[in-house]
Structure formats: structure tokens, C-alpha cells
Amino acid sequence: MEKTLIINSGSSSLKFKLFSLPTEAVLASGLIDRIGIEDSSVTIKFAGEKFHKSLPIKDHKVAVDLLLKLLVELDLVTALDEITAVGHRVVAGGEYFDHSVIIDETVIEKIAELSELARLHNPANLLGIEVFKEQLPNALAIASFDTAYHHTMPAKNYLYSVPYEWYEKYGVRRYGAHGISHEYVARQTAALLKRPLAELKLITCHLGAGSSLCAIKDGHSFDTTMGFTPLTGVTMATRSGDVDAELVMYMMKKLKLTDPDEIVSLLTRKSGLLGISGLSSDMRDILAAKDQGEARAALAITLFVKNIVRYIGQYYVEMQGLDALTFTAGIGENSPIIRQLICDELAFMGVKLAPKANESGGEAVLSTPDSTIKVLCVPTDEELMILREIELIKLDPTRGKFEL
Ligand code: ADP
């Protein structure tokens, strides 16, 4: 049986999903966690069972060896050559990649070159790519980029108002992120509404640990909240979202920091919901703390909601209308209260949630029939999206060609 492995390789973790073809059934999914640090472990879920083991995993090579060994031992593949394709999620594709590509030496070079735009992610993605290339040399290897979907944004939405040479010489522009998720969710939204995607004006809200919104018009990404890097846009778990560039210099002086990486790290790891609440980066904890009367938890939620609503307003005007608003990812899929708080701010526009549907969530329309704008929940499935890209490339390899 032909099988495809989809990999999301992080700096200290490796997530995977194993699909069977042509059914697209998920045979197994899992996580190798804390690679290169203490307490590493592997978890594999398959056929209603769960395999979990804690053991030292010193680097990505050991992690991939272990995963492939376990897939055979757990009878998820009979031999490794059953895995005919491996899809890798890559965070930054810069201006080079506007579609998924077959990985070759030039692609690897370009992903490495783009590490400046995603300093944590791209090097980790590359580690995964290189180890799988060694271990499964005959499998088709594809890279799918988080930024690729946003290549259709017009210049007025991707340019910053800075010297134009910064864009020309240094690639300073809005690249966005979460594109694989936004594209999947947009397609599912159109399918649920039984309308052609190209006719719809949509806003997809990917609200997880990292959060971004995407305005989708004429079937394509038109604008998005993340920018040059995934630090900007709305309030996130530990990331600040939009801030004034001047405050970077100001706080470096106040905190007596000499290394710019230190202030970026504070904006990336100590800000957002965690920074405002002072309690936690996890929305579940913050909602619970708010219920306990913690004022700063309530403030963190207010800021989170306000920043999202601000962009919904902006995109509504930019697109000159809105047919549907779709929630996805950890918070978007699982928190009826956050969906409610956001939609309450839009009630003046005639947006109405059906309380029962909102409470149930799942892949569904959550608004009342008379709501002026449809509100939906669509659980994201980035791995399935990558799998489908691979299937298309297998049918027509020219689709996966990368040319400079
Ligand atoms: P990532 O961006 O890392 O992929 P996820 O999309 O999995 O993250 O989202 C993770 C976040 O989702 C958690 O940090 C948590 O705040 C939030 N979350 C998960 N379940 C719930 C829930 N029931 N209510 C509120 N927030 C939730």
C-alpha cells in the first residue's frame, strides 16, 4: 500500500502524520518532543491506540531513525519503501516560493538562505528535510510553505511605507504565515456554504498559539495580519503582535540590552497573552483566571478580541464587504466564548451566532440564518492540505518545479 508521511519539523520537536493512499486515511500521527533536551519522548497514535515512550533523543537524526523504526515495529508500514512521498512544512518561503515544490539542492539552498526571515523555524525544517532525504532517498520529497498562499496579495497590501529600496534590495515586505491553514479553511468554508470560493469575500481567523487573520477575495489571499515575520499582527500566546518600531529602541535602552536578539526574544516569548496577563500563555488558563476575577486575565482577553475585531473591520472595508468569517486552530476551534466575544463586537453589523451551534463547534455554520455575515468553524488540517498538494504534483510533476 502506498503511504505518504507529512512532517512538521521544529527546533526541538518533530510532528508527523502518516496517510494511506488513495483513501487519504490517517494511519498514524504523533510527536517526538524535546529533541536534544532532557525528558525527550515519542508519542504515536494509531487505530485508537497510543504508543508513548520517554527516552534520550539527542538530535533530529536520532528522532527520524526512531520514528521510522517504530512505524515498522508497530506494523504501520511493512517496509520503508511503502513510504513513497514525504511532505515537509516549511515556514518561510520568501519571494522565491509561491507553490509547493519538489525538493532539490537549489530548493534546499533557498530555504537555508531564507532562515533570516524565520530564524527558529527554517533551520529546523531543513534538519527534517535533510535527515529524511538520507533515510528515504527514493521517496518524493516536497516542501509546502506557510507563506506561499499570500503571494497573491497586491503590492498595496504587502508593502510597508519604508524606502522602496528596502523591498528591492533586502526583500522587506509582508510575507504572512499560516497560509496552508488559511487556504484549507477557505476551501472548506466555500464547500460548507455550497458556493464557489472565487465568489466569496472571506476572513479566516487562525487563532492558536500563533494567530493570524487572512482576507480572501476572488479565491485568493488578499491581505493578512502577519508581516515580514510571524511576530506581528494580532495578540498571540507569547508574541506581541503589532508594536511601534520605536519602542524596540526605547526598551533596549531602558532594559540596558545590547543585543537586538534579546528584545526580539522578549517580544516573541514574553509578550502577548502571557505578557499582559502575567499568568499564562494558554487561553484556557486565562479564561479560567478571568472567571476567578483576575483583572489582567480579563484585560488580556479584551486585547486579544479587540485586535482581531480591528482587523476584521479593516478587511471588511478593504474587501468592500464580507460573506463569511471562519474560525480555526486551537482557540478558534475550541473556544465558544472567544468566538462569542468577537461576534458580539460585530453584532451592530447584524452578525448573530446561534448559541447551540456555537457551543457545539466542529465543522459547521455557527450563525443564525438571518445573520448578515455567515460565521463558521472549520477545524484546520494542514497535513491533509500538504498531502493533496503532493497528489497533484505526482499527477503533474511540472507543478512542483522550482525555477529561479
Ligand atoms: P499552534 O499555534 O501551536 O499550532 P494550536 O492551534 O494547537 O497551536 O492552539 C493551541 C492553543 O489553543 C493553546 O495554547 C490554547 O490556548 C488554545 N486552546 C486549546 N483548547 C482550548 C479551549 N478549549 N479553549 C480555549 N483555548 C483553547
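The first residue of the sequence shown is numbered 1, and numbering continues consecutively from there. Just so we're clear, the structure is a prediction, and the values are computed from it rather than from any experiment. The basis for the numbers below is simple: all heavy atoms, side chains too, and nothing from hydrogens, waters or symmetry mates. Indexing begins at 1, ligand by ligand and atom by atom, following the structure's order.
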Handout entry: Options Arg284, Met236, Lys15, His178, ranked by nearest heavy atom to atom 22 (C) of ligand 1, top entry
Key = Arg284
Problem - Any protein heavy atom < 4.0 Å from atom 4 (O) of ligand 1 - result: no
Problem - Residues, nucleotides or ligands: over 12 heavy atoms within 6.0 Å of Lys45 NZ - result: no
Exercise for the section: Could you point out which residue of Thr372, Val375, Val351 forms a side chain to side chain contact (heavy atoms under 4.5 Å, CB included) with Ser367? Expected result: Val375
Practice task
Taking only heavy atoms of Ala329 into account, list the atoms of ligand 1 that are under 4.0 Å away from them.
Solution key: 6 (O)
Practice task
Decide side chain to side chain donor-acceptor pair (under 3.5 Å) for Asp370 and Thr368; before the verdict, give the C-alpha distance in whole Å, the side-chain angles of both, and the deciding distance to 0.1 Å.
Solution key: CA-CA 5 Å; Asp370 65 340; Thr368 58; 2.7 Å; yes
Practice task
Kindly identify the option in Gly330, Ser335, Pro230, Ser212 whose heavy atom sits closest to atom 6 (O) of ligand 1.
Solution key: Gly330
Exercise for the section: Using non-hydrogen atoms of the residue, decide whether Ala237 is closer than 4.0 angstrom to ligand 1. Expected result: no
Exercise for the section: Could you tell me whether some N/O pair between Asn334 and ligand 1 is separated by less than 3.5 angstrom? Expected result: yes
Problem - For Ala124 against Ser9, the heavy-atom pair lying closest together - result: O-OG, 2.8 Å
Practice task
Output yes when the distance from some N or O of ligand 1 to some N or O of Leu207 is under 3.5 Å, and no in every other case.
Solution key: no
Practice task
Please say whether Met283 places an N or O atom under 3.5 Å from an N or O atom belonging to ligand 1.
Solution key: yes
Handout entry: Asp282-ligand 1 polar pair, N/O distance under 3.5 Å
Key = yes
Exercise for the section: On the 0 to 90° scale, with breaks at 30° and 60°, tag the Tyr158-Tyr167 ring pair as parallel, tilted or perpendicular. Expected result: tilted
Problem - Those atoms of ligand 1 less than 4.0 Å from some heavy atom in Ile331 - result: 12 (O), 17 (C), 26 (N)
Handout entry: atom 11 (C) of ligand 1: nearest protein contact (heavy atom, Å)
Key = Ala209 N, 4.0 Å
Problem - Heavy-atom closest pair, residues Ile111 and Asn122 - result: O-ND2, 3.2 Å
Practice task
Would you name the heavy atoms of Ile180 and Asp146 that are closest together and state the gap between them?
Solution key: CD1-OD1, 3.7 Å
Problem - All pairs passing ring-ring contact (aromatic ring centres under 6.0 Å, His included) where residues 199-254 contributes a residue, at least two apart - result: His178-His206
